[in-house]
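Lettering follows sequence order; numbering is per chain, from 1. The basis for the numbers below is simple: all heavy atoms, side chains too, and nothing from hydrogens, waters or symmetry mates.
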2 protein chains.
Amino acid sequence: MNNVNSVAPDDMPHDIAPIENVPLRVQVADRLRTAILSGRLKPGTSLVETALADQMNVSRAPIREAIQILENDGLVETIAYKGKRVKPLTAREVGETYSLREVFEVMAVRRILDNGAPLDQLRKHCDTMTAAARADDFEALIAADEAFHHTLITLADHDLLRASWKNLYLRIHQIMALRNRDESNLTEIASNHPPIVDALEAGDTERAIALISEHTRTLATFDPVTIAQSL
Amino acid sequence: MNNVNSVAPDDMPHDIAPIENVPLRVQVADRLRTAILSGRLKPGTSLVETALADQMNVSRAPIREAIQILENDGLVETIAYKGKRVKPLTAREVGETYSLREVFEVMAVRRILDNGAPLDQLRKHCDTMTAAARADDFEALIAADEAFHHTLITLADHDLLRASWKNLYLRIHQIMALRNRDESNLTEIASNHPPIVDALEAGDTERAIALISEHTRTLATFDPVTIAQSL
DNA sequence: CACTTATGGATTGTCGACATTCCACAGAAC
DNA sequence: GTTCTGTGGAATGTCGACAATCCATAAGTG
């Protein structure tokens, strides 16, 4: 617990709000997940059960189960009898995350074209993004972007795909939180989406796939140094 | 515990062997997983913590954690304050499992063609399958088939893909265990694989993808009634 | 000085007991 | 007969304590 890399009390609120009917493990998991995805808990940070239990005023049992939930999410790893820590992010893993995401979204596009899902929601998210880009509102743009892709996946009407994508997107959240945001060109990101919807509307399979593919790959461009530093 | 659908003592060995250095939760999880994947624990069976703890002579804590591991594997679902049960298998879920697997394997084929991985292991597994088909040895054929696909995924050199595929394959194990095996044509399954390796060797992307795609889809043919009965 | 061997502290692993919640069933009221 | 209410049992949820394990550090030995 004297480790510099251990949980910093200031970054972690000290009490669990008395919400009813929600298991403590879920509340703890949600809080820890938020901390990890926001970048407050950096990769490599060790999660000590007793320390977390003291901080949050709960016993170790819910803490253990919460950490296990995060392990399932792929955000935490356990080393037996040694400790649990926020999973380090390697450049390779970042690349793999985005390439898998690309495959997922291409699959979604294929299915949407097959089952003729309505596209108006996607259009709406495009408009929101454009507006956010014009207002230079990074947070709003990111939110709209996620809404767009979430809708895309949902329209594919494939529960397993959606679950897998959601899990993958957790890591993307984390990566984005650790990235340097200054390099992002808001207008460019926003302008990437409408053509995708256009291609979907036109039923142009090849073009839709090529566009979503390229878009995902563009997002994957990252600064490995940034990631490495976050260890 | 008077439920007809609860854990049957005869199907579940009563004691955990005293293996050293392996956490009880892992041993319990492995045993339960095996039971589920083999079909001994059928979908819908409720998993009562206290009953399992008594049967295996351990406390409830490792049982809870083991069940949570299986939940992460997607084999078990929890209903708060009500119980945990082996996740029911719907026809839709079976279909989704195979369609996602198809996407994974296509991705693997693409990557193998890109990075020029050696194909001799795949050839070897093909030979094993052919031999098994000739000997009418179902178990050996299934094992070789899994080895083939596992190798295919591993050659793609993508950790996240392999992890996702492995998780998905758990469900395929379960499905196969619940299926009626008589309908399978051993020779046909075995003969499907060599052409895939041929296409890979020839560097024919389109043909390789088409073949692996069709192969996966063939495997997806199942009898919904069989699945439904298993509830 | 190099190398092995204890030993103590920190952390996870496991346990049994108690608290909380839900569900099914019985009984009362209409 | 139907509906509401409450009560008991069964299951999960949470807790605090103890056991097992590992690692770092220090003591001992050649």
Side-chain angles (χ1 to χ4, degrees), chain A residues 1-7 9 12 14-32 41 44-72 76-87, chain B residues 1-9 12 15-32 41 44-72 76-87:
Chain A
M1 265 308 300
N2 308 333
N3 195 326
V4 180
N5 257 356
S6 60
V7 180
M12 238 25 216
H14 285 223
D15 262 350
I16 289 285
I19 305 173
E20 289 177 16
N21 266 347
V22 177
L24 281 179
R25 62 165 180 276
V26 175
Q27 297 181 45
V28 173
D30 286 349
R31 171 168 304 186
L32 287 175
L41 282 181
T45 305
S46 73
L47 301 172
V48 180
E49 296 173 0
T50 53
L52 290 172
D54 285 349
Q55 282 179 28
M56 302 195 186
N57 272 83
V58 296
S59 79
R60 273 180 56 222
I63 299 282
R64 280 176 69 82
E65 300 188 355
I67 289 179
Q68 213 181 350
I69 290 175
L70 296 178
E71 218 173 335
N72 309 340
V76 169
E77 67 181 5
T78 301
I79 302 162
Y81 287 107
K82 205 183 161 188
K84 332 224 173 183
R85 60 175 180 174
V86 182
K87 209 173 181 184
Chain B
M1 264 310 300
N2 309 333
N3 195 325
V4 180
N5 257 355
S6 60
V7 180
M12 249 8 229
D15 261 351
I16 289 285
I19 304 173
E20 289 178 15
N21 265 347
V22 177
L24 282 178
R25 62 164 179 274
V26 175
Q27 297 181 46
V28 173
D30 286 349
R31 170 168 305 184
L32 287 175
L41 281 181
T45 306
S46 73
L47 300 173
V48 179
E49 295 174 0
T50 52
L52 291 172
D54 285 348
Q55 283 179 26
M56 302 194 185
N57 271 82
V58 296
S59 78
R60 274 180 53 220
I63 300 282
R64 280 176 69 83
E65 300 189 355
I67 289 180
Q68 211 181 350
I69 290 175
L70 297 178
E71 214 173 337
N72 308 337
V76 170
E77 67 180 5
T78 300
I79 301 160
Y81 288 107
K82 203 183 165 190
K84 332 227 174 183
R85 58 175 181 176
V86 182
K87 209 172 179 184

Indicate yes or no: at least one non-hydrogen side-chain atom of [X] is less than 4.5 angstrom from one of [Y].
{"X": "B:I67", "Y": "B:R25", "result": "no"}
{"X": "A:E71", "Y": "A:K87", "result": "no"}
{"X": "A:R85", "Y": "A:I79", "result": "yes"}

Could you tell me how far apart [X] ([atom1]) and [N] ([atom2]) are, to the nearest whole angstrom?
{"X": "A:L52", "N": "C:dT11", "atom1": "CG", "atom2": "P", "result": "11 Å"}
{"X": "A:R85", "N": "C:dA10", "atom1": "CZ", "atom2": "P", "result": "21 Å"}
{"X": "A:L47", "N": "C:dT11", "atom1": "CG", "atom2": "C1'", "result": "13 Å"}
{"X": "A:E71", "N": "C:dT12", "atom1": "CD", "atom2": "P", "result": "12 Å"}
{"X": "A:E65", "N": "D:dT14", "atom1": "CD", "atom2": "P", "result": "7 Å"}
{"X": "A:Y81", "N": "C:dT12", "atom1": "OH", "atom2": "P", "result": "12 Å"}
{"X": "A:K84", "N": "D:dC22", "atom1": "NZ", "atom2": "P", "result": "15 Å"}
{"X": "A:M56", "N": "D:dC15", "atom1": "CE", "atom2": "C1'", "result": "17 Å"}

Can you check whether A:R60 has a side-chain N or O nearer than 4.0 Å to OP1 or OP2 of D:dG16? no
If you check the [X] side chain, which of [options] turns out closest?
{"X": "B:P23", "options": "D:dG13, C:dT14, C:dT11", "result": "C:dT14"}
{"X": "B:R64", "options": "C:dG13, D:dG13, D:dC15", "result": "D:dG13"}
{"X": "B:V48", "options": "D:dC15, C:dT14, D:dT12", "result": "D:dT12"}
{"X": "B:E49", "options": "D:dG16, C:dT12, D:dT12", "result": "D:dT12"}

Main-chain N/O of A:I63 paired with A:E49 side-chain donor or acceptor, under 3.5 Å: no
For A:K84, is there any backbone N or O sitting under 3.5 Å from a side-chain donor or acceptor partner on A:E77? no
Of B:K82 and A:A61, the one whose closest DNA chain D nucleotide lies more 5': B:K82
